[in-house]
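All values below come from the heavy atoms of this structure, side chains included, with hydrogens, waters and symmetry mates left out. From a predicted model like this one, the values you see are computed outputs, not experimental measurements.
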Amino acid sequence: MSVRRAAAALAAGAVLSTTAAGVAAAAPSPTPSPVTVPAGLYGKGDPTYDGVWRQSLAFLAQRTSGIQPADQPVEWLLAQQCADGGFASFRPDPAGAPCDAKTVMDTNATAAAVQALIAVAPQSADPEKTKRAAQAGAAWLKGAQNADGGWSYNPAPPGGPAIPSDANSTSLVIGGLAAAKVRPSAVKSADGKTPYDALVTFALPCAGKEVKDGGAGAFAYQPDKTGKLVANDDATAAATLAGLGKGLTARGAEPQQTPACVDTNPPTPDGTAANGAAYLTGRLAKTGHLDVPPMPGAENATVLPDYGNTADAVVALAAAGAKKEARGALAWLEKNAGEWAKTNGPGAYAQLVFAAHAMETDPRSFGTLDLIEQLNATGPAPKAPDNSEASTGADDEGGFNVWWIIGIGTVVGVGVGFLLSGRKK
């Protein structure tokens with residue numbers, strides 16, 4: 001997902017509050033860094049809020065094209081892991097400053113790192129060590145689960161009050177767990193809630209007085225101060241993938257299916273994912289891209305395209321079987337996203353690679369760009385390509401046959417002909 005690095009910057013050294021309305025779509029610009037960028041880390045920008053995140057996305061993007069990162073960057077990521085299995089956003093001196101109670105942990109970075117380590121493990125210098133690190137990360141995520149079944153960006157510090165779950169973090173963790181072969185629906189909180197129990201609480205219905213301004217079927221990041229759910233593009237793309245049991249490197253599903261928004265009682269993960277895909281289809285239909293939401297209180301602000309969330313929406317739609325609906329957005333990215341990726345570095349290149357991968361197009365011929373070449377150039381030279389694609393995720397929690405049955409039931413019972421297949425975080 002385009003996650004959440006700007007939100008992390010706002011929350012530096014603290015935690016996200018219950019009033020968080022969402023997160024910005026782009027990784028931080030790789031401007032000169034006040035922090036020394038360590039050897040082995042991809043990108044030249046300040047890694048304080050996205051070091052582990054961008055490294056993990058870079059690995060996942062490389063593995064979708066058969067590229068294995070060099071041992072040095074893999075060892076850098078392994079060294080970022082705390083003894084309990086979790087990851088902070090970035091630790092400048094992991095050897096000299098071990099994690100302690102004051103270390104601000106990051107569920108988003110941990111979930112991405114779990115997926116990345118699983119992907120690179122088979123060809124890493126120490127495959128068993130790398131696999132153990134991934135499993136330890138998954139175990140830490142399970143331990144950071146909130147009572148409602150979901151996760152917050154930064155879990156509560158020891159002895160502190162719980163921090164409310166958000167749709168984006170919950171979605172990323174679902175993908176991380178699935179990649180680690182941990183069935184998300186079997187991960188239950190002390191209150192017996194699963195991640196999917198939390199996920200559906202962020203979903204807006206398709207009809208009703210609470211739906212307005214084209215938000216039908218969307219997901220909110222969190223409820224606002226009044227408890228209202230407000231449609232959020234980033235949360236919707238993330239939660240659509242998570243509802244399908246899929247993660248960052250999801251492939252497109254077949255056959256083509258045009259999503260439609262249909263309310264069910266009670267809401268289900270698969271049903272809300274279908275609704276999320278319908279919402280994203282509508283959002284992309286006019287211009288082929290999503291827009292950066294205006295800052296609260298801003299008037300007559302210039303509307304800017306949101307490259308990162310547009311790429312995430314392409315992945316989500318493709319994973320939902322709606323490749324036809326995603327083609328216009330992919331073409332728009334191919335034409336327009338090059339300068340954005342150059343400015344924003346490895347995480348941005350990776351998001352575009354994920355979009356190409358989901359749509360089964362060549363990331364080496366993305367408009368006029370070779371995304372893999374550009375991504376590789378942001379870090380240490382990778383190992384020679386092995387021309388294979390590593391497993392970057394787990395199998396679907398159900399798979400297409402289950403979705404087909406669900407879809408047929410929906411068509412018969414409601415009279416709306418949408419069939420939605422699914423998978424991955």
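Phe90 places none of its side-chain heavy atoms less than 4.5 Å from the side chain of Trp53. At least one side-chain heavy atom of Val173 sits under 4.5 Å from a side-chain heavy atom of Trp151. Within the 4.5 Å cutoff, the side chain of Leu60 has heavy atoms near those of the Phe354 side chain. Here the side chains of Asn168 and Phe219 are not in contact, with every heavy-atom distance at 4.5 Å or above. Two residues are said to be in side-chain contact when any heavy atoms from C-beta on lie closer than 4.5 Å; Met105 and Trp140 meet this criterion. Within the 4.5 Å cutoff, the side chain of Thr378 has heavy atoms near those of the Leu375 side chain. The shortest side-chain heavy-atom distance between Val187 and Thr194 does not fall under the 4.5 Å cut-off. At least one side-chain heavy atom of Val120 sits under 4.5 Å from a side-chain heavy atom of Gln68.
Here the side chain of Thr130 pairs no donor or acceptor atom with the backbone of Ala121 at under 3.5 angstrom. Proximity of a side-chain donor or acceptor of Gln80 to a complementary backbone N or O of Pro94 within less than 3.5 Å is not detected. Remark: the backbone N or O of Gly86 is not paired with any side-chain donor or acceptor of Gln81 at under 3.5 angstrom. Under a 3.5 Å cut-off, the side chain of Thr36 and the backbone N or O of Pro38 do not form any donor-acceptor pair. Using modelled atom types, no side-chain atom of Thr170 and backbone atom of Ala167 make a donor-acceptor pair closer than 3.5 Å. Looking only at distances, no side-chain donor or acceptor of Ser65 sits under 3.5 Å from a matching main-chain atom of Ile67. Without hydrogens or angle criteria, Asp166 side chain to Tyr153 main chain gives a donor-acceptor distance under 3.5 Å. A donor-acceptor contact shorter than 3.5 Å links the side chain of Asn275 to the backbone of Val262. A side-chain donor-acceptor contact under 3.5 Å links Asp93 to the backbone of Gly96. Side chain of Thr310 to backbone of Leu290: a donor-acceptor contact under 3.5 angstrom is found.
When the options Thr236, Asp233, Thr240 are evaluated for a side chain to side chain donor-acceptor pair (under 3.5 Å) with Tyr279, the one that passes is Asp233. For the side chain to side chain donor-acceptor pair (under 3.5 Å) with Asn108, the lone residue among Ser152, Ser89, Ser171, Ser169 that qualifies is Ser169.
To the nearest 0.5 angstrom, Leu117 atom CG is 8.5 Å from Ser124 atom OG. A distance of 10.0 Å separates NE2 of His289 from CG of Leu333, quoted to the nearest 0.5 Å. Rounded to the nearest 0.5 angstrom, Gln115 CD and Leu248 CG are separated by 4.5 Å. Considering CG of Asn232 and CG of Leu204, their distance stands at 10.5 Å, rounded to 0.5 Å. Once rounded to the nearest 0.5 Å, the distance linking NZ of Lys323 with OG1 of Thr361 reads 9.5 Å. Distance check, rounded to the nearest 0.5 Å: CD of Gln55 to CZ of Phe87 gives 10.5 Å.
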Are Asp46 and Val37 close enough, and set up right, to give a side chain to side chain contact (heavy atoms under 4.5 Å, CB included), and what steps lead you there? CA-CA 7 Å; Asp46 186 344; Val37 177; over 6 Å; no

Show, in sequence, the C-alpha distance, side-chain angles and deciding distance for Leu177 and Lys142, and conclude whether the side chain to side chain contact (heavy atoms under 4.5 Å, CB included) test is met. CA-CA 8 Å; Leu177 293 174; Lys142 291 167 67 176; 3.9 Å; yes

Passes salt bridge (Lys or Arg N to Asp or Glu O under 4.0 Å), Lys193 versus Asp148? Steps please. CA-CA 6 Å; Lys193 300 292 187 180; Asp148 66 357; over 6 Å; no

Chi angles and distances behind the side chain to side chain contact (heavy atoms under 4.5 Å, CB included) call for Thr287, Trp332: CA-CA 9 Å; Thr287 63; Trp332 183 86; over 6 Å; no

Decide side chain to side chain contact (heavy atoms under 4.5 Å, CB included) for Leu304 and Asp291; before the verdict, give the C-alpha distance in whole Å, the side-chain angles of both, and the deciding distance to 0.1 Å. CA-CA 6 Å; Leu304 300 175; Asp291 295 321; over 6 Å; no

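Between Tyr307 and Trp340, the ring-plane angle classifies as parallel under the 30° and 60° cut-offs.
Side chain to side chain, Tyr349 and Asn344 fail the donor-acceptor criterion of an N or O pair below 3.5 Å. Defined by atom type and a distance below 3.5 Å, a donor-acceptor pair is missing between the side-chain atoms of Asp191 and Ser189.
Across every non-hydrogen atom of Ala162 and Ala156, the tightest pair is CA-CB, 4.0 Å. Shown here for Thr103 and Ala88, the closest heavy-atom pair between the two residues is CG2-CB, 4.0 Å. Summarising the geometry of Ala97 relative to Arg91, their closest heavy-atom pair is O-NH1, 3.3 Å, with the distance given to 0.1 Å. Heavy-atom minimum distance, Gln222 versus Ser165: NE2-O, 3.2 Å. Minimum heavy-atom separation, Ala355 to Ala311: CB-O, 3.9 Å. Minimum heavy-atom separation, Ala250 to His357: O-CD2, 3.9 Å.
With respect to the salt-bridge test (charged N to carboxylate O, under 4.0 angstrom), the residues Asp50 and Arg54 qualify. The existence of a salt bridge linking Arg283 and Glu325 is excluded, since no basic side-chain nitrogen approaches an acidic carboxylate oxygen closer than 4.0 Å.
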